[in-house]
Amino acid sequence: MKNLPYLTESAIRQFIEAALLEDVGPGDYSSLASVPEQSVGQAKLLIKEDGVIAGLALAEKIFKHYDSTLEVELLLEDGDEVKAGDVGLLVRGKAISILTTERLVLNCMQRMSGIATKTSRLQQSIAHTKAKLMDTRKTTPNFRMMEKWAVVLGGGVNHRYALYDMVMLKDNHVDFAGGLEKAILSTKQYLKENQLDLKIEVETRNLDEVAEVLRIGGVDFIMLDNMDYDTMKKAVSMVNGRYPLEASGGITEKTLPEVAACGVDFISVGALTHQIKSLDISLKAY
């Protein structure tokens, strides 16, 4: 697994337990009713379309959490490029255990692989620039950990994980606070009083706001929100490397290379996690 602060064994275990409770509940009666209790079988994870595989390590943990006697053999690594017909893993053991965990494994892997595939494709399109593709908090409730993990496996980088690990002063924060200066100064005072060591990012909507943030200072990142190419290029020149810059807002696969060419450091794309097509994967007995 990648060295990601949110990817703890405890957090993964809690996710698996909650997901199994949701899907299995008191029992997988279809399997319990139709398959002999001591029946042993084996199945392979079949990749049915080209892409980037993600979730293999999680799949192994799901299988072993539900039934520690299951034997799992990983044939690929998370982040590998795959072709239709590839086999990702083999699982052997109690047939009922394989059947009961099948859907959870596939739901996780199909979605994670879809995210990793899209992230990889978009990151490759801007590989000639310094810009890094970044995710957002536009994730599926209770599945954020896996979706952000998949972004990293696809070659992207994670933005803040949640509301508690970084301060982001967006347009509504600024407007409710009474302006950029009040929002920034109030934030710095709050962090100091509460002994919180958090990075601060400020969203700017035009060049005047960029100039104001540069005057006020005391932040760690500046977001350029919904700016056109020419405005963004001017903002990059104004900042001149004083702060890392993130481009955000309405960026599509078509416009991504142009945005990257402006000279920004990061480009956040919510569609990485909320507008993806799951990769076609199945688990087949053999």
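Computed from heavy atoms alone, side chains included, the values below leave out hydrogens, waters and symmetry copies.
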Cluster question for you: counting only ILVMFWY and a side-chain heavy-atom cut-off of under 4.5 Å, with indirect links fine, are [X] and [Y] together?
X: Val40; Y: Leu70; value: no
X: Leu58; Y: Val52; value: no
X: Leu279; Y: Val151; value: no
X: Phe266; Y: Ile200; value: no
X: Met134; Y: Val269; value: no

Any sub-3.5 Å donor-acceptor pair from [X]'s side-chain atoms to [Y]'s backbone N or O?
X: Asp80; Y: Ile53; value: no
X: Asn194; Y: Leu196; value: no
X: Thr255; Y: Thr252; value: yes
X: Thr140; Y: Phe143; value: no
X: Ser68; Y: Lys64; value: no
X: Asp23; Y: Leu20; value: no
X: Ser39; Y: Val35; value: no
X: Asp220; Y: Lys199; value: no
X: Thr129; Y: Ile126; value: yes

So [Y] and [X], do their side chains get closer than 4.5 Å, heavy atoms only?
X: Met227; Y: Arg205; answer: no
X: Leu56; Y: Glu77; answer: no
X: Ile276; Y: Leu272; answer: no
X: Phe221; Y: Leu245; answer: no
X: Leu46; Y: Leu283; answer: no
X: Leu4; Y: Val152; answer: yes

Does atom [atom1] ([X]) have a neighbourhood of more than 12 heavy atoms from anything else shown, all under 6.0 Å?
X: Lys188; atom1: NZ; answer: no
X: Asn142; atom1: CG; answer: no
X: Glu81; atom1: CD; answer: no
X: Tyr286; atom1: OH; answer: yes

In short, salt bridge (Lys or Arg N to Asp or Glu O under 4.0 Å) pairs touching residues 92-117 with sequence neighbours left out are Glu73-Arg92, Arg111-Glu147
With side chain to side chain contact (heavy atoms under 4.5 Å, CB included) as the criterion, how do Ile98 and Ile96 come out once you've worked through the C-alpha distance, each side chain's angles and the decisive distance to 0.1 Å? CA-CA 5 Å; Ile98 295 173; Ile96 290 177; over 6 Å; no
Set out, in order, the CA-CA distance, both residues' side-chain angles and the distance that settles side chain to side chain contact (heavy atoms under 4.5 Å, CB included) for Leu89 and Lys44, then state yes or no. CA-CA 6 Å; Leu89 64 77; Lys44 60 183 177 181; over 6 Å; no
Please lay out, stage by stage, how Ser278 and Asp280 fare under the test side chain to side chain contact (heavy atoms under 4.5 Å, CB included). CA-CA 6 Å; Ser278 293; Asp280 193 2; over 6 Å; no
Non-hydrogen atoms of [X] and [Y] that approach each other most closely:
X: Thr136; Y: Ser268; value: CG2-CB, 4.0 Å
X: Leu256; Y: Leu122; value: CD2-O, 3.6 Å
X: Asp225; Y: Gly249; value: OD1-CA, 3.9 Å
X: Gly55; Y: Leu153; value: N-CD1, 4.4 Å
X: Leu180; Y: Glu212; value: CD1-OE1, 3.6 Å
X: Cys108; Y: Ile62; value: SG-CD1, 4.2 Å

Should the pair Lys118-Glu253 be classified as a salt bridge under the 4.0 Å nitrogen-to-oxygen rule? no
Examine the side chains of Thr117 and Ser120 and answer whether a donor and an acceptor come within less than 3.5 Å of each other. no
Distance-only donor-acceptor pairs under 3.5 Å for side chains of residues 154-168, two or more places apart:
from, atom 1, to, atom 2, distance (Å)
Asn158, OD1, Tyr6, OH, 2.6
Asn158, ND2, Asp135, OD2, 2.6
Asn158, ND2, Lys148, O, 3.0
His159, NE2, Glu201, OE1, 3.1
His159, NE2, Glu246, OE1, 2.8
Tyr161, OH, Met145, N, 3.4
Asp165, OD1, Tyr161, N, 3.3
Asp165, OD1, Ala162, N, 3.1
Asp165, OD2, Tyr161, N, 2.8

Stepwise side chain to side chain contact (heavy atoms under 4.5 Å, CB included) check, Ile281 with Ser113: CA-CA 9 Å; Ile281 302 172; Ser113 297; 3.8 Å; yes
Going by the side-chain contact (heavy atoms from CB on, under 4.5 Å) test, name the single residue among Leu191, Leu185, Ile184 that passes it with Thr187. Leu191
Applying side-chain hydrogen bond (donor to acceptor under 3.5 Å, both in side chains), can you list everything that pairs with Glu203, at least two apart in sequence or on another chain? none
